[in-house]
Participant: 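Dumping the structure here so I can ask a few things about it.
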Amino acid sequence: EYARQRGLRRLIIPVPALTPKLSSLWLGLVTPIYARVGRALIEGVRNDTVVVDHAARDVFAVRPRNLREAIARALRNEDRDFAETRWSNALSSGRKELPSYGGVRFGSRIVDSRTAFVPHEPARVFQPIQRIGGRTGWYYGNALWRLRGFIDLLVGGVGMRRGRTHPRRIVVGDALDFWRVEAFEPDRLLRLRAEMKLPGRAWLQFEVEPVAGGSEIRQTALFDPRGLFGILYWYGLYVIHGFIFSGMLRGIARAASKAPAPLHPLPTAARTSS
């Protein structure tokens with residue numbers, strides 16, 4: 001049922017013997033949960049959990065959800081919590097133990113994040129982010145972006161033809177090349193959801209936070225792979241994506257340094273580093 005709701009295809013192969021310990025180690029290898037959690041779940045399967053006494057329904061007002069509803073609700077809650085995460089807080093620069101290749105896993109999602117410092121206030125630094133896409137381009141490797149759009153057209157996607165509706169103004173729901181604006185907070189946040197053909201779901205998010213002496217731009221690429229092909233897609237193109245996203249962030253930082261000062265700068269309290 002979970003695979004059906006996620007759009008996954010899973011082949012179940014029976015094996016003659018597999019102990020709970022081996023099963024838990026296998027879960028720890030191929031799923032984003034810890035082996036000890038998987039072992040506890042697997043060991044619990046030996047206990048009969050089929051309800052034969054329905055007296056509890058008469059005593060308590062709680063009405064259980066069925067399996068399909070429970071999984072759908074869990075997926076919705078996971079999506080909401082994931083979307084509302086502030087990656088500027090979740091991914092601290094002090095976490096040196098995190099792996100450098102392939103990004104960081106959060107559940108089934110993979111997160112690749114990088115930062116750049118610009119010695120200007122957030123309102124000024126956010127200007128090139130707000131103009132991204134369309135005629136402005138993506139600040140680095142525009143030919144590669146157009147090639148990606150052409151490939152997307154060949155496989156039935158939207159490609160890069162849509163551009164953007166306004167060169168500077170952004171509204172949630174706007175199309176932006178082959179992205180869709182999912183969240184926007186002036187001078188602080190822009191999150192784009194990919195609408196190109198992908199073996200999974202993808203987002204690209206920009207956050208600008210005030211720090212001592214200027215602002216920090218955090219650029220975060222998020223991918224929710226669909227099945228094995230989605231995982232192979234992410235890791236197979238990770239070097240290329242890292243090359244493009246690093247160049248994009250540098251280009252945004254350069255453009256922010258050259259951007260004119262905003263006509264109405266933020267109040268002093270808003271520009272103070274927390």
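Residue numbers start at 1 and run along the sequence shown.
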Participant: Holding to side-chain contact (heavy atoms from CB on, under 4.5 Å), I want the full list of residues that pass it with A3, two or more places apart in sequence or in another chain.
Facilitator: L8, R10

Participant: Tracing side-chain links under 4.5 Å among I, L, V, M, F, W and Y, which residues wind up in one group with L147?
Facilitator: I151

Participant: W179 and R162: which non-hydrogen atoms are nearest, and at how many Å?
Facilitator: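 Taking W179 first and R162 second, the nearest heavy atoms are O-NH2, 3.3 Å.
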
Participant: What are the two closest heavy atoms between L192 and L190, and how far apart are they?
Facilitator: CD2-CD1, 3.9 Å

Participant: Name all pairs fulfilling the side chain to side chain donor-acceptor pair (under 3.5 Å) condition that reach into residues 144-158, sequence neighbours left out, sorted by first residue then second.
Facilitator: none

Participant: With sequence neighbours left out, write down each residue that passes salt bridge (charged side-chain N to carboxylate O under 4.0 Å, His left out) with R180, or none if nothing qualifies.
Facilitator: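 Counting only residues at least two positions away or on another chain, R180 forms a salt bridge (charged side-chain N to carboxylate O under 4.0 Å, His left out) with E195.
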
Participant: Using a 4.5 Å cut-off between side-chain heavy atoms of Ile, Leu, Val, Met, Phe, Trp and Tyr, which other residues end up in the same hydrophobic cluster as L232?
Facilitator: L228

Participant: Give every residue pair that meets the ring-ring contact (aromatic ring centres under 6.0 Å, His included) criterion with at least one member in residues 207-232, sequence neighbours excluded.
Facilitator: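 Pairs touching residues 207-232 that pass the test: F223-Y233, F223-W234.
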
Participant: Under 4.5 Å between side-chain heavy atoms, chaining through other members, with only Ile, Leu, Val, Met, Phe, Trp and Tyr counted: pull out the rest of the cluster around I12, sorted by chain and number.
Facilitator: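 Reading the cluster by chain and number, I12 sits alone, since nothing else belongs.
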
Participant: Grab the two heavy atoms, one from L153 and one from G159, that are nearest each other, plus how far apart they are.
Facilitator: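 Taking L153 first and G159 second, the nearest heavy atoms are CG-CA, 3.8 Å.
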
Participant: Residues in salt bridge (charged side-chain N to carboxylate O under 4.0 Å, His left out) with R161, at least two apart?
Facilitator: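 Not a single residue meets the salt bridge (charged side-chain N to carboxylate O under 4.0 Å, His left out) criterion with R161.
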
Participant: Pair up each side-chain donor or acceptor in residues 133-140 with any protein partner under 3.5 Å, not counting sequence neighbours, and list the distances.
Facilitator:
| unit_1 | atom_1 | unit_2 | atom_2 | d |
| --- | --- | --- | --- | --- |
| T136 | OG1 | R131 | O | 3.1 |
| W138 | NE1 | D177 | OD2 | 2.9 |
| Y139 | OH | P128 | O | 2.6 |

Participant: Kindly compute the distance separating CD (E185) from CD1 (I170), expressed to the nearest 0.5 Å.
Facilitator: 12.5 Å

Participant: With sequence neighbours left out, what residues match R76 under side-chain contact (heavy atoms from CB on, under 4.5 Å)?
Facilitator: A72, R73

Participant: Is it the case that one hydrophobic cluster holds both F150 and F178, taking links as side-chain heavy atoms less than 4.5 Å apart, direct or via other members?
Facilitator: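 No, no single cluster joins them.
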
Participant: Under the rule for side-chain contact (heavy atoms from CB on, under 4.5 Å), what residues qualify as partners of L249, not counting sequence neighbours?
Facilitator: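 For L249, the residues satisfying side-chain contact (heavy atoms from CB on, under 4.5 Å) (neighbours in sequence not counted) are R114, A116, I217, Q219.
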
Participant: Under the side-chain contact (heavy atoms from CB on, under 4.5 Å) rule, collect the residues that match up with D174, sequence neighbours excluded.
Facilitator: T165, V171, V181

Participant: If you take all heavy atoms of R63 and F60, which pair is closest and at what distance?
Facilitator: NH1-O, 3.1 Å

Participant: What is the distance from atom CD1 of I110 to atom CD1 of I231, rounded to the nearest 0.5 Å?
Facilitator: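 The CD1 atom of I231 is 6.5 Å from CD1 of I110, to the nearest 0.5 Å.
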
Participant: Do you know the tightest heavy-atom contact between A194 and M196?
Facilitator: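 Closest approach of A194 to M196: CB-SD, 3.1 Å.
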
